[in-house]
Asks: 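Shown below is the structure under consideration.
Each residue takes its place number in the sequence, starting with 1. We use all heavy atoms of the structure for the numbers below, so side chains are in, but hydrogens, waters and symmetry mates are not.
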Amino acid sequence: MTLKPEAVEHMIEEAPGEGVASTHKFLLRLHDGFSVESVLIPNDRRLTRRATTICISSQVGCAQGCCFCRTGTMGLLRNLSTEEIIAQVVQGRRLAKELSLPRVLKVVFMGMGEPLANLSNVKQAVEALSDMRRMGFARKRLQISTVAPSPHQVLALKGMRCQLVWSLHSPCDTLRAQLVPTSLFSTMELREAFLTVFRSSSGNPDRRFMVAVVMIAGVNDQPENARELAEFLIPFYEDPEVGLSVNLIPYNENPELSEHQFAASDVKTVQKFRKLVNESLPGMAIHIRETRGANASSACGQLATVCQKPRHRWLLGFLLELKRQHERAVTIIKQQADVEADNLRRAQTGEQHLTKLVEQVRGSVAEVERLSSSPQRFMLQKGKRVDSDKSLEWSVRERQVEARERNAKELEAQLSRQSKEVEEQRRRLLGLLGMQNTWIWAKVERILGK
């Protein structure tokens with residue numbers, strides 16, 4: 001892909017105060033007419049080294065629909081290719097040099113899109129960025145921020161040379177579903193997936209792990225929210241494989257999100273929140289992010305590009321995501337149908353075998369009864385000599401009957417267990433599909449009702 005300077009549109013934000021460097025947002029125009037936004041965030045206050053962080057995008061738009069994020073109003077238009085992701089860093093480095101900014105030494109996937117929804121291209125981009133023979137970024141200077149759409153997608157992060165940031169916002173499933181409407185899995189399931197990644201990663205991803213919470217006044221900044229967060233983070237805090245920290249991000253206002261009357265938590269509330277979490281988890285680093293770029297809509301949750309009317313963009317992205325979820329559900333149903341068909345075949349085979357076994361048992365019982373009622377059996381009672389071969393044959397037949405009866409009972413119990421497992425899997429699948437359908441149609445009705 002050819003990188004042209006004219007593909008970049010630059011916008012600068014004036015410094016918010018004396019001694020604080022300006023942020024620079026630029027728009028990268030893509031070959032098909034779409035565009036994405038990226039942000040250069042210089043830091044002149046480092047004691048050891050001046051550096052610039054670049055915040056890049058992984059998708060055009062986003063399908064997660066977070067209620068506090070402007071990107072979610074776009075919906076998902078398409079994924080970025082590996083080259084388009086890297087192009088943001090290349091153009092950012094060029095722009096930083098032209099503007100005499102510090103060198104770009106850190107890359108964060110915190111722009112437009114959900115990185116895990118475009119994981120194959122993001123993985124290749126991270127490999128290129130962390131390769132010392134290509135882009136040369138250190139592992140600790142690459143961060144991927146994700147809402148963690150599913151445990152399966154989280155587990156796919158094993159082996160990536162980067163740091164992970166989980167946009168949790170609330171450990172309460174009910175509240176998190178309100179803030180991130182596309183949440184289909186509990187925070188407990190997602191937490192176990194992250195723990196599995198760190199315990200089996202052998203250093204990749206980096207053990208330093210950050211949990212991010214957007215602080216919204218009256219929504220998730222109360223003392224009970226702080227205590228709930230602290231309790232939820234205990235497994236990370238106590239695990240020696242995880243270097244846990246928390247990032248508290250003040251909400252950045254978005255006029256486009258008028259349906260949600262959100263406001264940023266005040267400084268005292270955020271500081272009290274941090275204190276309450278630290279009381280339960282002493283020594284853990286809790287950062288309060290300094291808002292940068294809000295005047296130019298380049299702060300966290302404010303990135304978006306103009307392609308068409310916001311409502312139509314949301315609906316288009318949602319329908320694309322709905323199509324993908326439908327395809328996944330169909331795949332799951334087909335797999336489950338194959339499993340149930342296989343179980344049914346095994347059950348039928350077992351039933352036939354059991355029928356034959358029962359017939360053999362009945363034949364053996366009849367033979368035993370015949371032998372036990374023979375004259376030779378009564379001769380034993382009279383002290384007369386009985387043919388030894390016939391007695392031995394009767395004893396062997398009796399043991400065979402007992403063994404076959406035991407086998408029949410074991411096979412019957414096994415068939416019963418298999419039937420229960422098949423029924424349980426069927427109920428679980430129907431429950432999952434019912435939950436998805438309920439969420440899907442509720443979302444469709446809410447969108448079409450606007």
Asks: Would you check if the side chain of Asn118 reaches a backbone N or O of Leu80 as a donor-acceptor pair within less than 3.5 Å?
Replies: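 A pair under 3.5 Å: yes.
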Asks: Hey, does the side chain of Ser57 reach the backbone of Glu37 with a donor-acceptor pair shorter than 3.5 angstrom?
Replies: yes
Asks: Evaluate the side-chain proximity of Val197 to Leu155: yes if any heavy-atom separation is below 4.5 Å, no if none is.
Replies: yes
Asks: What pair of heavy atoms forms the shortest contact from Ala148 to Val154, and how long is it?
Replies: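 For Ala148 versus Val154, the nearest heavy atoms are CB-CG2, 3.6 Å.
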Asks: Output the distance between atom OG1 (Thr52) and atom NE2 (His24), rounded to the nearest 0.5 Å.
Replies: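 Between atom OG1 of Thr52 and atom NE2 of His24 there are 8.0 Å.
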Asks: Do Met215 and Arg274 have side chains that approach each other closer than 4.5 Å (heavy atoms only, starting at C-beta)?
Replies: no
Asks: At what distance, to the nearest 0.5 angstrom, does CD of Glu228 lie from OG of Ser280?
Replies: 12.0 Å
Asks: Under the side-chain contact (heavy atoms from CB on, under 4.5 Å) rule, what do Thr53 and Asn43 come out as? Steps first, then yes or no, please.
Replies: CA-CA 8 Å; Thr53 297; Asn43 189 351; over 6 Å; no
Asks: Give a yes-or-no answer on whether the side chains of Ser58 and Glu114 include a donor-acceptor pair shorter than 3.5 Å.
Replies: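 Looking only at side-chain atoms, Glu114 and Ser58 do not form any donor-acceptor pair under 3.5 Å.
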Asks: Side chains of Lys97 and Val104: does their closest heavy-atom pair fall under 4.5 Å?
Replies: no
Asks: Asn79 and Gln59: which non-hydrogen atoms are nearest, and at how many Å?
Replies: OD1-NE2, 2.7 Å
Asks: Measure the spacing between CD of Gln271 and CG of Leu248 and express it to the nearest 0.5 Å.
Replies: 10.5 Å
Asks: Would you say Asn220's side chain and Ile216's backbone share a donor-acceptor pair under 3.5 angstrom?
Replies: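 Yes, the answer is positive, given that a donor and an acceptor are paired below the 3.5 Å cut-off.
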Asks: Compile the donor-acceptor pairs under 3.5 Å between side chains in residues 161-168 and protein atoms, sequence neighbours left out, one pair per line.
Replies:
from   : atom 1 : to     : atom 2 : distance (Å)
Gln163 : OE1    : Gln143 : NE2    : 3.2
Gln163 : NE2    : Lys140 : O      : 3.2
Ser167 : OG     : Ser145 : OG     : 3.1

Asks: Closest approach of Pro205 and Gly159, non-hydrogen atoms and distance?
Replies: CD-N, 4.0 Å
Asks: Do Arg191 and Phe236 form a cation-pi contact, if we require the NZ or CZ to be under 6.0 Å from the six-membered ring centre and within 45 degrees of the ring's axis?
Replies: no
Asks: Provide the closest heavy-atom pair for Val277 versus Ala226 in the form atom of the first, atom of the second, distance.
Replies: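 Shortest heavy-atom contact: CG2-O, 3.7 Å.
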Asks: Stepwise, does the side-chain contact (heavy atoms from CB on, under 4.5 Å) test hold for Val219 with Leu175?
Replies: CA-CA 8 Å; Val219 177; Leu175 179 55; 3.9 Å; yes
Asks: For the residue pair Arg94 / Gln91, report whether a side-chain donor-acceptor contact shorter than 3.5 Å exists.
Replies: yes
Asks: Report yes if the side chains of Leu157 and Leu119 come closer than 4.5 Å at any heavy-atom pair, otherwise no.
Replies: yes
Asks: Taking all non-hydrogen atoms of both residues into account, name the closest pair between Phe26 and Ile54 and its distance.
Replies: CZ-CD1, 4.1 Å
Asks: Can any side-chain N or O of Thr187 pair as donor or acceptor with the backbone N or O of Asp173 at less than 3.5 Å?
Replies: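 The answer is no, because no donor-acceptor pair under 3.5 Å joins these two groups.
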Asks: Taking side chain as C-beta onward, heavy atoms only, is Lys158 less than 4.5 Å from Ser200?
Replies: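 The answer is yes; the side chains approach within 4.5 Å.
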Asks: Is the backbone of Gln64 close enough, under 3.5 Å, to the side chain of Thr182 for a donor and an acceptor to pair up by distance?
Replies: yes
Asks: If the threshold is 4.0 Å, N to carboxylate O, is there a salt bridge linking Asp266 and Lys268?
Replies: no
Asks: For Phe137, enumerate each residue passing the ring-ring contact (aromatic ring centres under 6.0 Å, His included) test, keeping only those at least two apart in sequence or located in another chain.
Replies: none
Asks: Would you say Tyr237 and Pro282 make side-chain contact, with heavy atoms under 4.5 Å?
Replies: yes
Asks: Between Arg199 and Glu241, is there a salt bridge with N-O shorter than 4.0 Å?
Replies: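 A salt bridge is absent here (no side-chain N lies under 4.0 Å from a carboxylate O).
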Asks: Check the pair Lys272 / Asp221 against side-chain contact (heavy atoms from CB on, under 4.5 Å), numbers first and verdict last.
Replies: CA-CA 9 Å; Lys272 182 180 179 181; Asp221 63 348; over 6 Å; no
Asks: Would you give the length of the straight line joining atom OG of Ser245 to atom CD1 of Ile286, rounded to the nearest 0.5 angstrom?
Replies: 9.5 Å
Asks: Do Asn121 and Ser81 have side-chain N/O donor and acceptor atoms under 3.5 Å apart?
Replies: no
Asks: For Glu189 and Pro151, indicate whether the former's side chain and the latter's backbone hold a donor-acceptor pair under 3.5 Å.
Replies: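 Pair absent, no side-chain N/O of Glu189 close to backbone of Pro151.
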Asks: Apply side-chain contact (heavy atoms from CB on, under 4.5 Å) to residues Ser130 and Arg139 and explain how you reach the verdict.
Replies: CA-CA 6 Å; Ser130 61; Arg139 177 181 61 184; 5.9 Å; no
Asks: Report the relative orientation of the aromatic rings in Tyr251 and Phe262; use parallel for angles under 30°, tilted for 30 to 60°, perpendicular for over 60°.
Replies: perpendicular
Asks: Give a yes or no answer on whether the side chain of Gln153 reaches the backbone of Leu116 with a donor-acceptor pair at less than 3.5 Å.
Replies: yes
Asks: Answer yes or no: is there an ion pair linking Arg78 with Glu84, defined by an N-O contact shorter than 4.0 Å?
Replies: yes
Asks: How far does CZ of Arg93 sit from CG of Leu101, to the nearest 0.5 angstrom?
Replies: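 Separation between the atoms: 14.0 Å.
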Asks: Taking all non-hydrogen atoms of both residues, which atom of Ser35 and which atom of Val60 are closest, and how far apart?
Replies: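 So the two residues come closest at O-CG1, 4.0 Å.
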Asks: I need the Phe273 CZ to Arg227 CZ distance, nearest 0.5 Å.
Replies: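 It is 10.5 Å, given to the nearest 0.5 Å.
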